[in-house]
Amino acid sequence: MAIVIKVRLNAILQDYSCPRGQSAFQVTLPDNSDIEDAIRKLALPRDKVGLAAVNLRHAAFSQRLQEGDEVLLFPRLPFGG
Amino acid sequence: MLNGYAGKLLFVDLSSGKIEERELEKEVARDFVGAYGIGAKILYDAQPAGVDPLGPDNVLGFTTGPLVATGIIYGVRYQVVGKSPLTGTWGDASSGGDFARQLKRAGYDAVFVRGISEKPVYLWIRTGPDGNPAVEIRDAGHLWGLTTWETEDRLREELSEPGLAASIIGPAGEKLSLIACPIVDKGNAAGRSGLGAVMGSKRLKAVVARGTGQVPVADRERVRELVREGNEAAKASPWAESLSKYGTSGGTARSILSGDCPVKNWGGVGEEDLPQAERISDDSVIKYLVDYVTCPGCPAHCNGIVKVEDGPYAIDWAQKPEYETLGAFGAMLLNDNMESIITLNAICDQYGMDTISAGATIAWAIESYENGLLTKEDTDGLELTWGNHDAIVALMDKMAKREGFGDLLADGSQRAAARVGRGTEAFAVHVHGQEPPMHDPKLAMVREPRRGPRLSLGLAYQTDAAPARHTGPQSTNLESKTSSAAGLCGMGGSAFRGEKMAEVLTAVTGNTYTLEELERVGHRIACMRQAFNLREGLTPEDFRMPGRVIGNPPLQSGPLAGVSLDMDTAVIEYLTSRRWDPETGKPSRELLEELGGLDEVIADLYGR
């Protein structure tokens, strides 16, 4: 089984996406995937990602994803959590 | 000759018109480095306890540091220092722009102003025809009442000096708004501590500087190498990348959703009350950008010029709002209308007001209104509901002009609540009169619980001599106090930190600084500012944080649900770690003797 989710990249993270500058993606992942899996699938540099939200709720990177979830990824910055 | 310094301090008495120049003593430069370090030393010596902050005896300083005008990237800041009329404590505020460089190149490391002029004046400080500094007290009657933007344009025109820079108050400072501040380059605000009102009380419209002199450095080649290394380090930092593209606005949505940025007057939860935070963050901000602006020699160009083409908030030219402003006029008010925030920021820049205190004071008014403690009869008919940007802009305009209901709010939330009463005091979130900046100290407890309450306390800005002044861990970090005193921008941490900062200061001044010495200088500065407050009769109890900020009661949901800071323990731990008495805040005699350079403090606290 697979799930389809949306991923959006906030601010400077868009400069690390492929193609560069693209901010929104539809991603297909195996069942039981978490946010870390989504980051790997998009080949984002892990050290640049600082925070995640699922459906606009703050989320741990280990949070399991459900079909139709929207993941919002924020860059790592020296403030802001 | 003092490497890294202009080598002179300027003292101006506006009551008598006396202008006096003094050498900067090399021991003072070495021990206190610059900016608020030297400022604290001078003010402690120059004025007694208990002066009226808006009276003639309050000495107001405009200070620079040794990195300024030496080619060191990020070395651009000036600091305004004085007794704060907002808090009654030590006050300081800093900003970027070109003022620090111009003042220093004109020949002064700092200018200290006392007295009250009979009529409005400005100070004109420049490199004279003979290469020496030339100083004039000039009439500002024609500038009084003008905005900071209008004043700057008039000054450039009448002085025929397009390259000048000026620290200017607008009508808010003239009318003694206690949240007024001076503005440089039409948008760099030395926002905190209400020091714009001190300028207004002295009838000092502006300090204007234009300098062409050179500042000597001890090891020019090493400075060049360090700048190259600093540029490389900054390039490799994701923070610098974000800063160059977005300024600090790039972290706004992230901070609102993570719990870092206070929401709804510190009573809300970002992900519930403002899930649309991206509307006032990063790309939603820079879509209005028409140009980047940079402080002299800074590689980051974090500032920018924005334009709103049409609609009710159309404006041809304004400075880009930064994180604190987006938090105060956005998240704190549940206002997701970006164009209104550009206008609110522009009003504050033109009238010379601190956006943090202004936004937080409007948050007090809205919460009071929403709870029925204020009505339209109080608010001049404004419907002060959360997120009602039309009413928020109208109120900000009234505050800036001290008109009607706005007059009541122009001195910050504590004064406004005291005047209204009716239980609205519960919604005034302030520390000794000043509204806290836009970072929630509880987040540190969630992110780094092992570092315990001391870290949170540092982030909680309770321990800084200027209450609610700081937004980051610098309030516990002694080394970074020295960086600030040196004139380094807080955004320059990616280029120079720790040992590297010590190398920079050594190359510029020729004095040998180590990381340990940076900490000693920072500790000395902290002790001097603390002594200023002790002499005013203040104790740690006076700096107590509002319940909402420390989670008392805790939030019920969101990333900070259930988090409370144990402030009693934190205060004791923190003060003890500083070697200050946990009850009185008094630095131990042994500490003061070990640090050196603090003889007058020892004499005042312990006798000779």
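Just so it is clear, the structure is predicted and the values come from calculations on it, not from any experiment. In what follows, every chain begins at residue 1, and chains take the letters A, B, ... in the order their sequences are listed.
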Segment of A/Asn55 engaging chain B (4.5 angstrom heavy-atom cut-off):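 Contact with chain B involves no heavy atom of A/Asn55 at all.
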Residue A/Leu72 versus chain B: region with a heavy atom under 4.5 Å: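 A/Leu72 touches chain B through side-chain heavy atoms alone.
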Counting only N and O atoms by type, is there a donor-acceptor contact under 3.5 Å from the side chain of [X] to the main-chain atoms of [Y]?
X	Y	result
B/Ser281	B/Ala253	yes
B/Arg254	A/Pro75	yes
A/Asp37	A/Asp34	yes
A/Gln14	A/Gln22	no

Flag the one option from [options] with the top tally of heavy-atom pairs under 4.5 Å to chain A.
options	result
B/Ile286, B/Thr252, B/Asp282	B/Asp282
B/Gly558, B/Pro559, B/Ser249, B/Ala277	B/Pro559
B/Glu278, B/Glu272, B/Lys245, B/Gln276	B/Glu278

A/His58 ring center near A/Phe74 ring center (under 6.0 Å):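 No: the rings miss the under 6.0 Å criterion.
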